[in-house]
Every structure is written in structure tokens, then in C-alpha cells.
Amino acid sequence: MRPDLLEKMFAEHYNGALLYALSLCRDRHLAEELVSVAFFKALQSADDSIISFRAWLFAVLRNEHLSHLRKRKRNVELHENLEDEDGRVLDKIIKDEEYRALYRAISLLPKLENEIITLFYFENLSIREISQIVSKSEAMVKTTLCRARIKLKEILEG
């Protein structure tokens with residue numbers, strides 16, 4: 001692949017992938033590392049059967065995060081203060097006050113709902129692409145998305 005094409009693809013997908021990685025791990029440095037590794041692996045393993053590179057990148061990114069968690073579980077216990085780090089990381093990235101409030105509300109959702117909301121609204125992925133990324137049926141993604149919207153409304157109004 002040509003270097004200029006690689007740079008263009010990286011620039012086009014980096015911010016979205018970083019935001020998604022942050023929603024998964026809540027650690028900026030780890031998110032940046034995961035995005036770099038996932039981008040490399042996605043390009044390396046891409047073939048003609050891939051319909052959307054973006055969806056493929058996000059699926060690889062999710063798998064890379066899960067792999068990291070498995071390795072980390074073996075070596076060190078997870079920190080209980082991840083939620084405290086969440087606010088500091090996201091405040092640096094999302095400067096607009098409305099987005100900060102919304103993103104905080106999204107971070108209060110259960111992990112799968114958080115992930116689906118982020119992919120659907122911030123990354124503009126289709127239900128089909130999200131179902132492939134999270135390895136759930138399209139019906140399950142739709143149901144989870146609906147429940148997450150209701151919970152978000154309650155959080156933001158309360």
C-alpha cells in the first residue's frame with residue numbers, strides 16, 4: 001500500500017477510533033496504543049471480503065482491547081478507580097460543556113450500552129456494522145440501543 005494512502009486512512013479514522021478506544025478503556029495512553037496496534041493489524045489482515053474498513057478497524061480495536069484485558073487480568077488486578085480517571089481523560093478531549101455532560105451520562109451506562117451508543121451516535125455506524133463489532137444480533141443491538149436511550153434520558157433529566 002502507498003504511504004500517502006496509509007497516512008490518509010490513518011488521519012481519516014484516527015479520531016473516531018481513539019474516541020471508541022477511550023470509551024472502552026478510559027485511559028488515554030492505553031487508548032492511543034490500542035488504536036496504533038489495531039490500525040496496524042487491521043491493515044495487515046484486511047482482504048477483499050471486508051465491506052467497511054472503519055467497521056473492520058473497530059472490530060479489531062475491540063478485540064485488541066479484550067486481549068489486553070485478558071493479559072492484564074493475569075498479571076495485575078484491575079484498578080477500582082477507573083471512573084475517576086474517566087473524567088480527567090474525557091475533559092481533555094471533549095471541551096464543549098454539552099458534550100461533556102452527555103459523555104459523562106453515557107459513561108454511566110453499562111459497558112455494552114455505552115459501546116453501542118458510542119458506535120451509533122459518535123461513529124455513525126449502522127446497526128449491522130455494530131452487530132458485527134460487538135458480536136451480537138442486529139435485534140439485540142436495536143434493543144440495547146433503545147434501552148440505552150431511555151436510560152440516557154433519565155440520567156440527563158435527573
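Only a predicted model underlies this, so the values are computations on that prediction, with no experimental measurement involved.
Using a 4.5 Å cut-off on side-chain heavy atoms (C-beta onward), His68 and Cys25 make no contact. A heavy-atom distance below 4.5 Å is found between the side chains of Cys146 and Ile150.
The one candidate from Phe58, Phe53, Trp56 that meets the ring-ring contact (aromatic ring centres under 6.0 Å, His included) condition with His13 is Phe53. Among Ile133, Leu109, Thr143, Leu145, the single residue meeting the side chain to side chain contact (heavy atoms under 4.5 Å, CB included) criterion with Ile116 is Leu145.
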| message | Using the rule given for salt bridge (charged side-chain N to carboxylate O under 4.0 Å, His left out), can you reason through Glu32 versus Arg28, listing the C-alpha separation, both sets of side-chain angles and the distance that settles it, and then say yes or no? | response | CA-CA 6 Å; Glu32 290 172 347; Arg28 182 176 178 88; 3.1 Å; yes
| request: Test Ile106 against Tyr121 for side chain to side chain contact (heavy atoms under 4.5 Å, CB included), laying out the working first. | output: CA-CA 11 Å; Ile106 291 170; Tyr121 287 107; over 6 Å; no
| request: Test side chain to side chain contact (heavy atoms under 4.5 Å, CB included) on Arg70 and Leu66 and set out the steps. | output: CA-CA 6 Å; Arg70 282 191 297 274; Leu66 293 174; 3.9 Å; yes
| request: Tell me, with the steps shown, if Glu115 and Tyr20 meet side chain to side chain contact (heavy atoms under 4.5 Å, CB included). | output: CA-CA 8 Å; Glu115 190 174 353; Tyr20 178 54; 2.5 Å; yes
| task | Using the side chain to side chain contact (heavy atoms under 4.5 Å, CB included) rule, take Leu57 and Leu43 through it: C-alpha gap first, then chi angles, then the decisive distance, then the call. | result | CA-CA 8 Å; Leu57 173 63; Leu43 284 174; over 6 Å; no
| query | salt bridge (charged side-chain N to carboxylate O under 4.0 Å, His left out) between Arg128 and Glu138: does it pass, once the steps are laid out? | reply | CA-CA 6 Å; Arg128 175 173 287 150; Glu138 290 183 34; 3.4 Å; yes
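Here Glu157 contributes atom CD and Leu152 contributes atom CG; the two are 11.0 Å apart, rounded to the nearest 0.5 Å. Rounding to the nearest 0.5 angstrom, the gap separating the OG1 atom in Thr144 from the CG atom in Asn114 is 12.5 Å. Rounding to the nearest 0.5 angstrom, the gap separating the OG atom in Ser23 from the CZ atom in Arg62 is 10.5 Å.
Of the possible polar contacts, one joining the Arg54 side chain to the Glu123 backbone as a donor-acceptor pair under 3.5 Å is found. Listed for the Ser67 side chain is no donor-acceptor partner under 3.5 Å among the backbone atoms of Asn63. At least one donor-acceptor pair under 3.5 Å links the side chain of Lys111 to the backbone N or O of Leu24.
Relative orientation of the Phe10 and Phe39 rings is perpendicular, given thresholds of 30° and 60° on the angle between their planes.
Around the CD atom of Glu33, the shell of radius 6.0 Å holds no more than 12 heavy atoms that belong to other residues, nucleotides or ligands. Counting non-hydrogen atoms of neighbouring residues, nucleotides and ligands closer than 6.0 angstrom, the CZ atom of Arg149 exceeds 12 such neighbours.
Look at Lys41 and Glu64 and you find a salt bridge, because one of the NZ, NE, NH1 or NH2 atoms lies within 4.0 Å of a carboxylate O, short of that distance. The pair Lys8-Glu12 fails the salt-bridge criterion, with no side-chain N (NZ, NE, NH1 or NH2) lying under 4.0 Å from an Asp/Glu carboxylate O.
A side-chain N or O of Ser52 and one of Glu129 form a donor-acceptor pair less than 3.5 Å apart.
No single ILVMFWY cluster, assembled from side-chain heavy atoms under 4.5 Å apart, contains both Val35 and Phe40. Cluster membership for Val37 and Leu30, using ILVMFWY side-chain heavy atoms within less than 4.5 angstrom, is not shared.
Closest of all the heavy-atom pairs between Leu61 and Ala17 is CD2-O, 3.3 Å.
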